[in-house]
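See below for the structure under consideration.
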Number of protein chains: 2
Amino acid sequence: MSETNEIKVAVDAIVFGYQQNTLYVLLVKQKFGQMKGTWVLPGGFVLKEESLKEAVTRELQEEAGIKVNYLEQLYTFGDDVHRDPRFRVISVAYFALVNPNNFALVHQNDTDAEEAQWFAIDRIPKLGYDHNEIIKVAHQRLKNKLAYQPIGFDLLADEFPFSDLESLYTVILEQDIDRRNFRKKILSLGIVEETNTLSASTGSGRPARLFKFNKDQYNQLLDEGFHFEIKFA
Amino acid sequence: MSETNEIKVAVDAIVFGYQQNTLYVLLVKQKFGQMKGTWVLPGGFVLKEESLKEAVTRELQEEAGIKVNYLEQLYTFGDDVHRDPRFRVISVAYFALVNPNNFALVHQNDTDAEEAQWFAIDRIPKLGYDHNEIIKVAHQRLKNKLAYQPIGFDLLADEFPFSDLESLYTVILEQDIDRRNFRKKILSLGIVEETNTLSASTGSGRPARLFKFNKDQYNQLLDEGFHFEIKFA
DNA sequence: TCAAAAGTGTTCTCTTTACACCCATGG
DNA sequence: CCATGGGTGTAAAGAGAACACTTTTGA
């Protein structure tokens with residue numbers, strides 16, 4: 001029973017960002033040890049007096065200078081006893097989303113990682129440990145959640161054209177959707193509202209009206225037993 | 001960083017069983033320590049050379065002599081630094097289901113727990129640690145999963161009358177359902193098949209035809225993109 | 001005036017809901 | 001023959017899917 005002392009507890013974060021029809025994941029370059037130079041998920045060991053959640057937010061701040069706007073526990077990886085070649089480590093992985101406001105990375109020098117960088121989901125290099133596997137699990141979770149929780153909005157700016165929301169769904173779910181039916185469906189839920197703003201011109205095409213997610217309204221509907229769900233043909 | 005050595009890793013299992021319109025949870029009486037005599041979830045510390053999953057199945061065997069027929073990771077509880085008053089412990093909780101075949105408890109004497117016992121979900125006593133909270137989370141997961149995964153069958157005998165399946169749904173979801181529509185819906189999924197057996201008489205009423213879940217068929221449909229879902233009015 | 005993206009309604013199909021009476025058995 | 005639980009169909013309403021042309025802007 002005392003052997004449990006020899007198991008180390010780590011946290012890792014899979015942070016998703018979305019920009020220009022591309023889904024990105026945040027990675028950091030390992031600064032120390034035999035894995036120096038390898039790209040891995042941001043994360044690290046949990047301190048004795050901090051909660052798991054605190055450990056993740058601390059590591060994200062230290063390693064990438066980033067604050068996320070959605071965070072939930074994903075899964076705890078601890079079945080492969082040798083997933084870390086040095087020690088027995090179990091890792092509690094967290095699923096996180098940032099919107100473009102928080103996208104920028106602060107490069108502090110006093111960090112665990114030499115660099116932090118965004119990688120397109122289909123351009124992830126071979127990572128250290130089992131982190132490629134962890135990203136797969138997180139990607140699947142993202143796909144699933146998109147259908148029954150309004151987390152798409154956490155990946156967009158506060159005000160966005162409808163087409164951004166639509167292409168976010170097509171890109172992440174890798175599936176075409178009908179523009180008219182999608183718009184009708186989303187608007188019928190009553191959690192997205194029109195603003196008076198039009199998008200700045202992008203050089204071609206008609207400017208789009210901007211919309212925003214009404215979180216208060218969503219929470220109120222939740223209390224009333226409302227059930228968010230988006231499905232496609 | 002070395003402080004992580006002082007965090008202990010435990011697993012706990014929430015095992016659900018269903019009998020006679022009642023949902024049960026398996027609890028064990030703590031045998032040692034200052035919590036001696038308190039009811040808690042089966043579980044214990046993870047050994048250095050075993051996977052998390054192995055740890056759960058080992059503990060369930062040792063403490064209750066039970067084998068489950070569904071097991072999945074639920075959540076890792078580690079945000080309250082003092083959830084165990086003795087040490088910093090994080091617990092990876094597992095969600096498990098048994099069917100009536102595996103319901104019986106073997107009372108070995110060489111176990112961690114003095115006793116193992118089934119408690120109706122609405123008759124759970126005050127438990128040690130944060131285990132009442134953990135059960136709430138597991139109960140919610142059970143309710144959610146029932147709607148989009150055919151796990152109800154893991155709580156029933158291999159062959160069951162339709163009314164058992166139906167009352168399982170009403171009991172766990174705490175919601176009435178229309179008998180005719182429910183039967184139509186389930187049968188239309190094509191994963192439940194009729195047997196030739198009729199239930200033994202229970203003293204009154206017409207004997208029921210028994211059905212069984214066709215797991216192979218379900219898995220095949222899954223591969224074809226099938227999506228299980230049961231909703232109610 | 002052309003290219004590019006935004007905006008918009010209707011019809012058809014399928015799924016979900018609501019609802020009530022007869023059947024088989026044991027006592 | 002009565003009490004108990006098992007078994008079944010239909011119609012109405014709602015949700016999802018399919019589908020194409022007009023509008024606004026910049027170049």
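Convention: sequence-line order gives letters A, B, ...; per-chain numbering from 1. This one's a predicted model, so the numbers in the text were calculated from it and none came from an experiment.
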Give the rounded distance in Å between these two atoms: [atom1] of [X] and [atom2] of [N].
X      : N      : atom1 : atom2 : result
B:N21  : D:dG5  : CG    : C1'   : 13 Å
A:L187 : C:dA6  : CG    : P     : 15 Å
B:L198 : C:dG26 : CG    : P     : 11 Å
A:K231 : D:dA17 : NZ    : P     : 8 Å
B:F162 : D:dT8  : CZ    : C1'   : 13 Å
B:R183 : C:dT16 : CZ    : P     : 18 Å

Using a 6.0 Å cut-off, check whether atom CD of B:E224 has over 12 heavy atoms from anything other than its own residue.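 Count over threshold, so yes.
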Heavy atoms under 4.0 Å, any strand shown: does A:S163 hit a base, just sugar-phosphate, or nothing?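 Counting heavy atoms under 4.0 Å across all strands, the contact made by A:S163 is with sugar-phosphate only.
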Can B:K143 and B:E174 be said to form a salt bridge (charged side-chain N to carboxylate O under 4.0 Å, His left out), step by step? CA-CA 9 Å; B:K143 288 184 185 184; B:E174 298 168 289; 2.8 Å; yes
Quick one: which of C:dG7, D:dT8, D:dG5 gets closest to the side chain of B:R206?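 Nearest to the side-chain atoms of B:R206, counting from C-beta on, is D:dG5.
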A:N181 side chain: which of D:dT8, C:dG9, C:dC19 is closest?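 When the side chain of A:N181 is considered, C:dG9 is the closest of D:dT8, C:dG9, C:dC19.
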5'-most contact on DNA chain D: B:G205 or B:L210, nearest heavy atom basis?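 Checking each residue's closest nucleotide, the 5'-ward one belongs to B:G205.
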Go through the N and O atoms of the side chain of [X] and the base of [N], and report whether any donor-acceptor pair is under 3.5 Å.
X      : N      : result
A:K184 : C:dT10 : yes
B:R209 : D:dG7  : no
B:R180 : C:dA20 : yes

Could B:E194 and B:K212 be called an ion pair, given the rule that one side-chain N must be under 4.0 Å from one carboxylate O?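 No.
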Decide, yes or no, whether a salt bridge links B:K53 with A:D79 under the criterion of side-chain N to carboxylate O below 4.0 Å.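 Between A:D79 and B:K53 there is no salt bridge, as every charged N stays at least 4.0 Å from the carboxylate O atoms.
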